[in-house]
Each structure stands twice: as C-alpha cells, then as structure tokens.
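Residue numbers start from 1 in every chain, and the chains themselves are labelled A, B, ... in the order their sequence lines are given, proteins ahead of strands. As the structure is a prediction and not an experimental result, all values here were calculated from the model.
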Number of protein chains: 2
Amino acid sequence: MSIYVHGIGMTKFGKLEDKTMKDLLLEASIEALKDAGNPEVDAVFVGNFMGGSVYNQEILGAIVANDLGLGYVPTAKIEGACASGGIAFRQAILGILSGEYDTVLVAGVEKMKHVSTIEVTEAINAAMDNDSNEKHAGLTFPGFFGVLANRYFHETGATKKHLAQVALKNRENAINNPLAQFTKPATIEEIMEARMITEPLGLFDCSPTTDGAAAVVVSKNKSDIEIKSSAQASGPTQMQNAENLLSIPAVGESGRLAYEKAGLGPEDIDVVEIHDCFSMTEIISSEELGFFNRGEGYLAVEQGRTKPDGDKPINTSGGLLSKGHPIGATGVSQIYQITHQLRGTAVNQVEGAKIGLAQNLGGTGSYSTVHILERV
Amino acid sequence: MSIYVHGIGMTKFGKLEDKTMKDLLLEASIEALKDAGNPEVDAVFVGNFMGGSVYNQEILGAIVANDLGLGYVPTAKIEGACASGGIAFRQAILGILSGEYDTVLVAGVEKMKHVSTIEVTEAINAAMDNDSNEKHAGLTFPGFFGVLANRYFHETGATKKHLAQVALKNRENAINNPLAQFTKPATIEEIMEARMITEPLGLFDCSPTTDGAAAVVVSKNKSDIEIKSSAQASGPTQMQNAENLLSIPAVGESGRLAYEKAGLGPEDIDVVEIHDCFSMTEIISSEELGFFNRGEGYLAVEQGRTKPDGDKPINTSGGLLSKGHPIGATGVSQIYQITHQLRGTAVNQVEGAKIGLAQNLGGTGSYSTVHILERV
C-alpha cells in the first residue's frame, strides 16, 4: 500500500505569548486540513512532550477531535522525547497500513516560552533515565552533546569553527523563512564569540526553546507526495552505555531501514531535514545517514555542500537551531518543510527536488525516526 | 490477519514504596515476556499518564527497550488519560496489522502513591481541558461522575445503595486477587457510611491512587487467546458538551465498533472488565456496552447478575475500585485478567469463559477502547 501527504500546516515558531498550546495545535491542524481539502479524518495522533508537566494539559488527541468537530475518531498523544512528532507521524502511517484508517491527521505542539529556563530544563530532563547517575550528577542535553563535540574534535581535526558554520548556514536559511524563530542575520564571528553554554557549544550551537505547532494530513488516497518509507529505531538511554561517542546508533539504524524499505540510498536524496538540536548533532547525523564518510561531515559543511545550493542541502527550513524547536512539533514541521520542497514551494527551494528525507531524534539518541518522501 | 495474546504479566497493585516506576515497568514486562516464552520483540508501546509531571520521567519506551536488551526496536509512550493502557494495546495491534511488526510488547505503568493527594489530583486534572471554565471552577473527576450519579438516581430510581452494591461486589472479587490493592473485606453498611467524597460518591465509590504495572505480549503467531477486535472512540472533553448525562458516548461507540468487527454481540460475552473509575461508571458503561437496557444497569447489580456466578460477570479482578487504578497500567491489566479468565486460570474464574471484553475509559469520556478476546 502507498501512503501520501495531503496537507500541511505550521504556525509561526517563537515566543507566542498570546496563544495557548491548544490555540497553536488547532491553528496548525486547521491549516493542514484546509490544505488537504478538508477530508474526512479517521484518527488523530498528537506529538507532545511537556504539556502535562509544565502546562498541566494532557488529552491533546481528544481536544483536537472535539474542537475540530471530527467526531468519535480514535486519538492519542505520542511521546518519544524530542522525536515525539516523528513517532506520531509514523503511528499515522502504521494506522493506515493496518487498514483501520484511510486518512489521519498528525499534529505536534509544544509551548515552552512561558516558564522559566530552570523549569523548562527540568522538564526536558525527563528525557533522561532517572535511574542513571548521569542525570543526578547534573548532565544536561547541552552537556551530552558537548562531550560528543569534544570527542569529535579530538578524533577528526574539526574545530569550533565548523560548528559555527552549521549554525550560520541554518541561520541564513531561517532568514528566508517567515515562520522561523530567528530571522536576524548573524556573522561567523558573532557565533564564534557568543556566550558559552557547554564547552565547546556556544549559544548559537544550541537549539532554543520555542512555542509552535505543525500538522500533516496523510492518506491512502493518492496525492503528488508519496511517503516512500517510515523507519524508527531506539538507542542507549544513558551516555555511559554509548559504545562510541562519534556515533548515534539509532540514527544510523533508522536511516538504514528507511533506505532499505524505499529501495533508495543516500545518493538519491535531494533535500534533507536533520534533527540539529545542536550544531554537532547535524554533522554526526549527516554521517550516520550516509551522506558523508565517518569523520568527514565537518568537511562537507566547510565546503558548503549542505547549503541550499550544495549537493546535499540540509535544513533548508533553518533547522532546530534557527527555525526553533518546539519539541513535540519538530518532527512534524520537518515533514512540512520536505513537502514544500517536493512541491516546489519551499523557502530556500532546492531546484528540482524530487526525494526528501526527514530525521527526528529523541533524548541522548534514545529514539530516531527517518521518513523518505518523493514527488510522484 | 489474526492477532493473539502470548504472554501476560502484572505487579502487585497498591502502595509500593520500595519500587520505582521503572522497577514496576520492567517487572511486569519481564513476566509477560517469560510467559510468552521470551520471543523476539519487534516494538514496545508503553501506556503512562503522569510519569513526566510527577516523576520527571518520560522516554519509558526507550527505557524498556534498553533495560531489557531488546535492541533497536521502535518504542513510544502512549497517552490518552486513563485509557492510556488500552490505547497502547491498540497501537500494538495496529502495528502488527500494518505488517511492520510480528510481535509487540505492551506495558502500562503508573506510580501515584509517593506524592501528596493535592499533587496527584492536579496531575490527574491534566485530563481536563485547560480552556474550559469547568476545570478552573474546580470540577474534579469525582465531581463529574457525582453529577452523573445524581442525574442517574433522578431518572431511574436507583439509590446510593446500588452504587454500594457495585463497590461491595468488586471488593469481594478483590479479596481473592493477591495482586489487588484492597483485599480487606467490607460490608454494605461500611461502604454506605464511608466518608463522602463528592455527593453521592463516598470513599468506596471512587477508585484509589495506585502504584503498579501490567504487560502483555501480542503476536501474529497463533496462541490459544485470539484478539477478535480492537475499537476506540473519542467523546466530549468537557462536561458542558455532554448531550446526555446518562450516557458516555465514547463507550457506546467503541463497544458498537468492537462488536461489529468481531461479528459478536453483548449476549456472546462471558466475562467483562469495565473501567469502574467510580461505581456509577460501571453501571452506565454496562448499559452503553449493551449488557443491560438503558437505566436498568443498577437492577442487574441488585440482582447479582454482574457477580462472578451471575450471567454477566463484571470486574472479576476487583476492578479499578478494589484492584486499584495505576492509570497507565489499568487498560493493560484488564487484558491480563481477561486472558486469565479465557485460559481458565483467573481469580474468580468464570466457569467455561470463552469470550471476554475489556473496556478502558479516559477523562470525562474523552477516550474509550474496547477489546474482545476469545479462547480458540
């Protein structure tokens, strides 16, 4: 069975003081449904991470069904840390493949800007294992990815400048994206000199906290955007269990599965959204996905190969770093951007893009989803 | 395609001070896997509601996969308020029907006894819509179901004694269940005179807060317990949108779909687990599921028809009221009890039980799942 994208919607990402989580969720959903021609919907899956802990709001699935008047349709919220959106998208696909549903609405949302940095950091740390000494010793996500960056520098010869080149590229992409959180130009010097978060990751190397939502309508009915494959993998939930700090195995495995199912390889992919929660993550994951050799992803950045006019454009949306990272929405917003690219209507449009890939990561590599879409 | 239950596991329900949420989750999962003959597992779904908000612990799917050494398998947490477990079970079924997975582990868990009543009440209220005035006006779940009970009394002639008969039956069932939270005998007078929670619901009419976990292994490989149908429906997320306070439409609709898919009717069901979050809920839902006429469910209770030796045994496990209600685990623990009944190994075994039904409710009727299982 083939499955297709029929509609996409996305709110502005950023600090959206006058909108509740529900407002954002409904806004993106209504836009996606309208874009799909307001079809009958058989189920709703919502990706969300911290609605319960910081906003005291669960039951987002039922809220969407109720407030949009979708009737008795089955709904659920899906959580897989920062991969919640990608996993929700995958559940929609499995639901259609199962024969239970013809058309499914997937939405992702997060509201993170109305609470203090400490509160949001604590909520994010729910994506670490309570039984690990790392969490209680004070490891944070910038800490984890900072360790990976230092190791990567040591092994490959990459430097902080290469991370800054990732951050700069994604900022330059975001400048053209009216829905992105950060659209103010930056220079390489400004990025290099920004305040340190966790050595060697400075402010521009870390994705921000963000309010926002995105939604996608998928169906077994034909459209011009086909979902060629959906894959998901798990990895270590603790850094101390990582066998190799230059690798995020869940990314590699989900990529391998996605290529195998689609009958495609990295060389076939025209445009990519990678989960750049940190600048370092984009480089490692670009290697995991087979776009570049191990330890050489930073050279591809240096050579401009990942820019919109390069041979492997990555994060033309601005990525998590500059488009923003409303956790539950991120994976869904990647599908939004790839769909626009394949329709030929994207910001930073890649000329003739026919096949796109979206990779969404959760935790310290605990979850990864990869979806490959093709214009047909 | 047919899908089967291969293994079941369940921890003690109650106040389990020396065990973490993860301990409980792994204990039930290991038992279910062992019961299934330790098969290779292709995916894991975890039902959980308040792990993030009261325990700062998400990523339960990845934790199970990692700690049990299941490898790269896809995992997710599923949230649908108190129906999280039933919806997780349904995702496993859809995953197998989709052709992506052969064998799936479903687990549900909640840890609720280590925080104050106020904290747990606030966490539970995340299952109401923040944008409704009811929530902010102070409506709680006992309040909601208390309103339903008063209306039911007014319309049908039922009294508080009928609610007490439900609570007494479920307590008497729990006495035989070593895994139940409340195994101390009670009398109808004690139940009638217990302290009021929300008029007319007294202490015994309300399900408790509970620590506990349950797990089930399902597979497309044949076993002697077949899942005949899986159905799910949504309903109003706000009481003010309920059209009829004597009805919980999501329960009726999920039941109707489940019967239709299975080619069965209420008359074919030998044993039932109903989501008795309150004594009143058991009666209304027993009508919604077609076991008794509208407004006559209380008479069936009075006549002893829902006892283990009656013609429609309901909640032979002790139900939520006395077995306990660890939110995310509840829907999965219903499958545990029904499977035992169909295997002929249950507490309060119903002689010759061949077909069983489990109904799991979330929120103020926001979610309902119904699963019908048959010994084949």
Problem set entry | Interface moiety of A/Tyr101 toward chain B, non-hydrogen atoms closer than 4.5 Å | side chain
Exercise. How many angstroms lie between CE in B/Met128 and CD1 in A/Ile59, if you round to the nearest 0.5 Å?
Worked result: 8.5 Å
Problem set entry | Interchain contact, B/Gln57 with chain A, by part (heavy-atom threshold 4.5 Å) | both
For this session: Taking all heavy atoms of B/Ser53 and all of A/Gly52, pick out the closest pair and write down the distance.
Result: CB-O, 3.8 Å
Exercise. B/Ile93, B/Thr369, B/Val73: which one forms the most heavy-atom pairs within less than 4.5 Å of chain A?
Worked result: B/Val73
For this session: Using a cut-off of under 4.5 Å on heavy-atom pairs, state which of A/Gly363, A/Ala65, A/Gly80, A/Ala127 scores highest against chain B.
Result: A/Ala127
For this session: Grab the two heavy atoms, one from B/Ala62 and one from A/Tyr367, that are nearest each other, plus how far apart they are.
Result: N-OH, 3.1 Å
Problem set entry | Greatest number of heavy atom pairs closer than 4.5 Å to chain A - which of B/Asp129, B/Asp131, B/Thr20 | B/Asp129
Problem set entry | Least distance between heavy atoms, A/Ser234 atom then B/Gly71 atom | CB-O, 4.1 Å
Exercise. Quick one: are B/Gln91 and A/Phe45 in side-chain contact, heavy atoms under 4.5 Å?
Worked result: yes
For this session: Under 4.5 Å, counting heavy-atom pairs only, tell me which of A/Leu94, A/Asn130, A/Leu97 racks up the most with chain B.
Result: A/Asn130
Exercise. Does any heavy atom of chain B fall under 4.5 Å from the side chain of A/Asp67, the backbone, both, or neither of them?
Worked result: side chain
For this session: Report yes if some heavy atom in the side chain of A/Glu122 is under 4.5 Å from a heavy atom in the side chain of B/Asn56; otherwise report no.
Result: yes
Exercise. Given a strict heavy-atom distance threshold of 4.5 Å, which part of B/Leu60 is in contact with chain A: side chain, backbone, both, or neither?
Worked result: backbone
Exercise. Side chain, backbone, both or neither: which part of B/Ala231 has an atom under 4.5 Å from a heavy atom of chain A?
Worked result: neither
Exercise. Closest heavy-atom contact between A/Ser230 and B/Glu100?
Worked result: O-OE1, 4.2 Å
For this session: Taking all non-hydrogen atoms of both residues into account, name the closest pair between A/Ile87 and B/Ala76 and its distance.
Result: CG2-CB, 3.7 Å
For this session: Rounded to the nearest 0.5 Å, what's the gap from OG on B/Ser98 to CE on A/Met1? Could you check?
Result: 9.5 Å
Exercise. Looking at A/Ala233, A/Ser366, A/Ala126, which makes the most heavy-atom pairs under 4.5 Å with chain B?
Worked result: A/Ala126
Exercise. At a heavy-atom separation under 4.5 Å, does B/Asn241 approach chain A through its side chain, its backbone, both, or neither?
Worked result: neither
